[in-house]
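The structure that follows is given in the form of structure tokens.
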Amino acid sequence: VLDHWVNYRDRFKIENGDLFIPDEIWVCDSFARKIAGEIFETRKIKQIPNFYIQKIREQIDLISASLNMEFKDIRQLKSVLYVCEPIKVHAKLQWGDENAHGYTEESALKFFLDNIQILGQYDRVVIRPHPSEPPTKYSWALDYYEGSIVIGGEKPLIQEILSADCVVG
């Protein structure tokens, strides 16, 4: 199962210069299906549901219904959850350049914080590092941005999503 959109070849075993690829590859969305089809032309590519995302959606629906929550107008939002992704590691692996996309996770976060006022006035920003990142990776942002920032990731993702008015990343 390929659950991402990058470094597909790197996810399979290479031994004595030979790449070992399964007969059938599973992906969870149409973007991944297209990418996998281009890379692994001779293999069967099957799209399956993303059970992780489904479970989160079910939890959100259940909790939202029990709390009688509704979607809010973006102008009324007061808190934002910024979900991080370590893209420079993948860019370095795939293209030999951490900045191959024209940005890194740090520069993307700086851009967001520099431009957050476009979305309105927020009382709080929670920065949630990717599970593969150290919790202190984005500590620099606490001093970078004048607003209230918290480094998240200690609570379950579903709890941080439900505590935010807006989720970006």
Side-chain angles (χ1 to χ4, degrees), residues 1-13 19-91 93-94 100-101 103-106 108-109 111-113 116 119-120 122-135 137-138 141 149-169:
V1 175
L2 298 173
D3 63 345
H4 217 294
W5 298 337
V6 296
N7 301 329
Y8 283 5
R9 287 190 170 279
D10 297 336
R11 293 170 186 243
F12 296 103
K13 184 177 181 180
L19 182 64
F20 292 91
I21 304 170
D23 295 329
E24 184 172 294
I25 296 172
W26 295 357
V27 296
C28 298
D29 62 60
S30 59
F31 298 110
R33 185 183 189 121
K34 181 179 185 299
I35 295 167
E38 291 171 358
I39 295 173
F40 306 113
E41 296 174 17
T42 62
R43 298 296 193 253
K44 180 177 179 185
I45 310 297
K46 180 178 179 182
Q47 186 172 331
I48 62 169
N50 186 324
F51 298 109
Y52 176 72
I53 297 295
Q54 278 184 345
K55 185 170 179 85
I56 288 176
R57 284 182 179 157
E58 289 168 6
Q59 291 173 335
I60 290 172
D61 289 345
L62 184 66
I63 294 168
S64 296
S66 70
L67 297 175
N68 196 22
M69 295 173 69
E70 298 176 8
F71 288 104
K72 299 178 183 176
D73 185 306
I74 195 164
R75 293 164 296 192
Q76 298 172 346
L77 304 178
K78 297 297 177 193
S79 65
V80 62
L81 172 62
Y82 187 97
V83 183
C84 300
E85 175 72 21
I87 61 169
K88 69 182 179 187
V89 172
H90 297 293
L93 282 172
Q94 190 167 4
H101 297 293
Y103 61 93
T104 64
E105 56 267 34
E106 292 87 0
L109 177 56
F111 179 84
F112 172 75
L113 293 173
I116 192 171
L119 299 176
Y122 287 90
D123 296 331
R124 180 177 178 194
V125 175
V126 176
I127 300 171
R128 182 182 176 93
H130 186 273
S132 68
E133 298 175 310
K137 180 173 179 178
Y138 302 98
I149 290 190
V150 176
I151 303 297
E154 292 180 11
K155 298 176 185 174
L157 177 59
I158 187 74
Q159 190 173 348
E160 289 191 341
I161 290 171
L162 289 171
S163 297
D165 292 307
C166 179
V167 180
V168 297

Quiz item: Is the shortest heavy-atom distance from the side chain of Leu113 to the side chain of Ile149 under 4.5 Å?
Solution: yes
Self-check item: Under the side chain to side chain donor-acceptor pair (under 3.5 Å) test, residues paired with Thr42 that sit two or more places apart
Solution: none
Exercise. Look up atom CZ in Arg128 and atom CD1 in Ile161, then write down how far apart they are to the nearest 0.5 Å.
Key: 8.0 Å
Quiz item: Which atom names give the shortest non-hydrogen contact between Pro86 and Lys137, and what distance separates them?
Solution: CB-NZ, 4.3 Å
Quiz item: Quick one: CD1 on Ile60 to CD1 on Ile53, what's the gap to the nearest 0.5 Å?
Solution: 9.0 Å
Quiz item: Do the side chain of Asp165 and the main chain of Ser79 share a donor and acceptor less than 3.5 angstrom apart?
Solution: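 Flag set: sc Asp165 to bb Ser79 pair under 3.5 Å.
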Quiz prompt | Thr104 side, atom OG1; Leu109 side, atom CG - distance, nearest 0.5 Å | solution =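 If I round to the nearest 0.5 Å, the distance is 9.5 Å.
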Exercise. Supply the atom-to-atom distance Ile56 CD1 to Tyr52 OH, rounded to the nearest 0.5 angstrom.
Key: 3.5 Å
Exercise. Please name the pair of heavy atoms, one in Glu160 and one in Gly152, separated by the smallest distance, quoted to 0.1 Å.
Key: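 Smallest interatomic distance, heavy atoms only, reads OE2-CA, 3.3 Å.
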Quiz prompt | CD (Glu154) with more than 12 external heavy atoms under 6.0 Å | solution =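 No, not enclosed.
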Self-check item: Approximate separation, where rounding is to 0.5 Å, of Gln94 CD and His101 NE2
Solution: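 Taking CD in Gln94 and NE2 in His101, the distance rounds to 7.0 Å.
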Quiz prompt | Side-chain donor/acceptor of Glu105 to backbone N/O of Lys88, under 3.5 Å | solution = yes
Practice problem: Hey, could you give me the CZ/CD1 distance between Phe40 and Ile25, rounded to the nearest 0.5 Å? | Solution: 4.5 Å
Quiz item: Can you list every salt bridge (Lys or Arg N to Asp or Glu O under 4.0 Å) pair that touches residues 43-59, not counting sequence neighbours?
Solution: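 Every pair satisfying salt bridge (Lys or Arg N to Asp or Glu O under 4.0 Å) with a residue in residues 43-59: Glu24-Lys44.
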Practice problem: Begin from the C-alpha positions of Phe112 and Tyr82 and carry the test side chain to side chain contact (heavy atoms under 4.5 Å, CB included) through to its verdict. | Solution: CA-CA 9 Å; Phe112 172 75; Tyr82 187 97; 3.6 Å; yes
